[in-house]
Amino acid sequence: MTPSLPTIAPRRIVVGTRAHAEIIAALRTQRPDLEFRGAAHTDVTDGDLAWADTYLGFKRPPRAATMGSVRWVHCTGAGVDSWLAPVALHASILLTRTPESFGPAIAEWAVARIFAFQQQLPDLAAAQRDHRWAPRDVPRVAGSRALVVGTGDVGSAIARALSTLGVTVTGVSRTGAAEPATTPFHSMHRVEALSRLVGDSDWIVLALPDTPATRGLFSRAVLECCRGAVLLNAGRGAVLDEAALPEALDRGWLRGAALDVFTEEPLPASSPLWDHPRVMISPHCSGPTSVAGATSGFLECLATLERGERPRWVVDRERGY
Ligand code: GLV
């Protein structure tokens, strides 16, 4: 349940993120009246949270036992899963999320991987290292078919980028609804059609948050319906049955996989995914939070709270975003 708006007068803010110094410097110029403390989220202590009334950051600080005296958390990432599971932030604490748009950056990540696979860049780099002339056919990306699962800001930006390149893009969402005038999707379907649609796709892009409704959605059973697609995951690791991926690649259900997110991050050194020749791994870097985005979203919510109103960016805890 989304809590009723608590009375909050933020004064002491902990910024728990790697870019804390830059974010605090930017916030101080706008709000010299507030007090700030900063640290990487992994270094935030119980003492910091006992001092603070407000927390700004992407993830729950792992060293802190509780959120101390924090009354408001502003999440600087698009996905708020770290604040809702496995233990939900106490209902009395207000949870807002950044309005920053991560779609354009994640679309660049996806396009880079699609071309890397289609142009066989890893293989050509290996051939070049060996001084080996390795002729091959390189089919066009134009004319191929993509399935984008999750059609919010991120999925729509990916769809726009791909359709500009001549890719036919099908969208899958909870409701299957499209915004008629602006949709970048050639067609839209409800999530129930997923198993049927994956077999017709050259590229499958997962752009979903981790919520009770999406967790495990791309299961082994769905993987088994794929017919040689490349799977890209830019949402959350928990959406995908990661343990079934080596089998899906080895049996040809998938031609390749590009993964930016994992069930456990950092991806453990013992994961078989590191060594798979058709897996491209990136360290959860496809949609970086900018200092300007983190700062302006926070200041907007702060100003709204100070007027005693509800910020536009309060998280719907039931939906999980
Ligand atoms: C990154 O994963 C984010 O949720 O912003």
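This structure is a prediction, so every number in the text was calculated from the model and none was measured. First listed ligand is number 1; within each ligand, the first listed atom is number 1.
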Trainee: Using a strict 4.0 Å cut-off to heavy atoms of Phe58, name the atoms of ligand 1 that fall inside it.
Mentor: 1 (C), 2 (O), 3 (C), 4 (O)
Trainee: Regarding Arg145 and Asp202, does a basic nitrogen lie under 4.0 Å from an acidic carboxylate oxygen?
Mentor: yes
Trainee: In terms of ring plane angle, is the pair Phe58 and His284 parallel, tilted or perpendicular, where the classes change at 30° and 60°?
Mentor: perpendicular
Trainee: Could you tell me whether Gly77 and ligand 1 have an N or O pair separated by under 3.5 Å?
Mentor: no
Trainee: Ignoring hydrogens and geometry beyond distance, is a side-chain donor-acceptor pair present between Ser290 and Glu100 at under 3.5 Å?
Mentor: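 Yes, side-chain donor-acceptor contact under 3.5 Å.
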Trainee: Are a donor atom and an acceptor atom from the side chains of Ser282 and Trp109 found within less than 3.5 Å of each other?
Mentor: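 Present: a donor and an acceptor within the cut-off.
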Trainee: Enumerate the atoms of ligand 1 whose separation from the nearest heavy atom of Ala78 is less than 4.0 angstrom.
Mentor: 3 (C), 4 (O), 5 (O)
Trainee: Is there a donor in the side chain of Trp253 and an acceptor in the side chain of Glu247, or the other way round, less than 3.5 Å apart?
Mentor: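 Short answer, no.
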Trainee: Show the atoms of ligand 1 that are less than 4.0 angstrom away from any heavy atom in His284.
Mentor: 1 (C), 2 (O)
Trainee: Any N or O on Arg236 sitting closer than 3.5 Å to an N or O of ligand 1?
Mentor: yes
